[in-house]
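Remember, predicted model here, so these are calculated numbers, not experimental data.
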Amino acid sequence: MILVGQFDSPFVRRVAVTLHHYRMPYTRNPISVFRDVEKMRKINPLVRVPSLILETGEVLIDSSAIIDHLDEMAGPARALTPAHGPERRKVLQAVAVAVALGVGEKAVALFYERLFHIDKHINRDFEKRMMGQISAALGKLEHDCGAPWFFDERMTQADITTGCLAGFMKMRVPDMFQAGKYPKLHHLALHCETKEDFVKARPSPDETAPGQTRH
């Protein structure tokens with residue numbers, strides 16, 4: 001399998017961490033949605049990441065759809081998302097708050113608004129709206145978060161997703177993720193980053209957004 005995208009994307013990274021956890025071998029094509037638009041369009045016409053190219057040549061897009069496929073490959077006994085019942089709903093709801101409804105999409109949108117517009121051209125109404133939605137989602141996650149894992153003793157996809165998004169926020173929008181305001185989420189993120197599956201999927205110094213450098 002080939003994973004397409006940079007690890008500075010929380011969506012690419014959560015797929016990579018999941019692959020590592022399941023011990024599923026893959027190679028990576030770390031092209032950028034900004035620097036390699038035409039290459040990316042040939043893989044995914046939406047020019048978004050991640051994509052996962054299967055051994056059959058089939059291309060899966062969207063991190064949630066990719067992870068659903070990986071869960072199926074892993075089997076119900078190993079799957080990080082339970083197969084059915086209340087436990088499945090709990091994990092899916094936490095992932096939805098972290099990815100689609102709150103932190104993930106909104107934090108990325110806020111980062112790009114600040115990146116591509118100099119201060120006087122930032123849409124302050126849009127920025128305020130994004131910040132409010134991020135804060136609400138983080139508040140929900142902070143309230144629900146257990147220890148040492150999100151749902152206490154067992155790691156699930158909620159931990160991988162929340163850990164990857166926390167890493168993105170610390171790197172890209174740190175003002176929205178203060179340790180004093182979200183202590184349980186910070187503790188979970190630190191716990192995640194000690195695990196080999198996360199370490200193997202850390203962004204390299206050359207995986208940057210346009211106009212940025214990392215040290």
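Looking only at distances, a side-chain donor or acceptor of T194 sits under 3.5 Å from a matching main-chain atom of H191. A donor-acceptor pair under 3.5 Å is absent between the side-chain atoms of D36 and the main chain of K39, judged by distance alone.
Looking at V59 and N44, their side chains never come closer than 4.5 Å, going by heavy atoms from C-beta outward. For the pair R48 and V33, the minimum side-chain heavy-atom distance is 4.5 Å or more. Using a 4.5 Å heavy-atom cutoff, the side chains of M24 and M1 are in contact. Counting only heavy atoms from C-beta outward, the side chains of Q6 and P203 never approach each other to under 4.5 Å. By the 4.5 Å heavy-atom criterion applied to side chains, E193 and R202 are counted as neighbours. Within the 4.5 Å cutoff, the side chain of E113 has heavy atoms near those of the N123 side chain. Two residues are said to be in side-chain contact when any heavy atoms from C-beta on lie closer than 4.5 Å; K106 and M176 fail this criterion. In this structure, Y22 and T18 have side chains that are in contact, with non-hydrogen atoms separated by less than 4.5 Å.
A salt bridge does not link E38 with K42: none of the charged nitrogens is closer than 4.0 Å to a carboxylate oxygen. Checked for salt-bridge contact, R13 and D197 miss the test: no charged N lies under 4.0 Å from a carboxylate O.
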Begin with the C-alpha distance, continue with both residues' side-chain angles, and end with the deciding distance and a verdict on side chain to side chain contact (heavy atoms under 4.5 Å, CB included) for D159 and F151. CA-CA 8 Å; D159 299 289; F151 293 115; 5.7 Å; no
Criterion side chain to side chain contact (heavy atoms under 4.5 Å, CB included) on V95 and I67, from CA distance to verdict: CA-CA 11 Å; V95 170; I67 287 170; over 6 Å; no
For M169 and I134: C-alpha separation, side-chain torsions, deciding distance, then whether side chain to side chain contact (heavy atoms under 4.5 Å, CB included) applies. CA-CA 10 Å; M169 295 193 72; I134 292 168; 3.7 Å; yes
With side chain to side chain contact (heavy atoms under 4.5 Å, CB included) as the criterion, how do W149 and L188 come out once you've worked through the C-alpha distance, each side chain's angles and the decisive distance to 0.1 Å? CA-CA 6 Å; W149 298 109; L188 175 64; 4.1 Å; yes
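For the pair G5 and V49, the tightest heavy-atom approach, listed with the atom from each and the gap, is CA-CG1, 3.8 Å. Closest approach of L80 to V91, counting heavy atoms only: O-CG1, 4.3 Å. Annotation for S32 and M40: closest pair C-CE, 3.8 Å, computed over non-hydrogen atoms. The two residues A189 and A166 make their nearest non-hydrogen contact at CB-CB, 3.6 Å.
Residue pairs meeting the salt bridge (charged side-chain N to carboxylate O under 4.0 Å, His left out) criterion with at least one member in residues 175-191, sequence neighbours excluded: R114-D175. Residue pairs that meet the salt bridge (charged side-chain N to carboxylate O under 4.0 Å, His left out) test with at least one member in residues 129-153, sequence neighbours left out, are K140-D144.
For Q178, the CD atom sits in a packed shell: over 12 heavy atoms of surrounding residues, nucleotides or ligands are nearer than 6.0 Å.
Aromatic pair H20/F198: centroids not less than 6.0 angstrom apart.
Hydrophobic clustering (ILVMFWY, side-chain heavy atoms < 4.5 Å, transitive): I160 and V199 are in distinct clusters.
Using cut-offs of 30° and 60° for the angle between ring planes, the F168 and F111 rings count as perpendicular.
Taking the ring centre of F7 as origin, the terminal cationic atom of R28 falls inside the region bounded by 6.0 Å and 45° from the ring axis.
One side chain, S64 or R14, offers a donor N or O that lies under 3.5 Å from an acceptor on the other.
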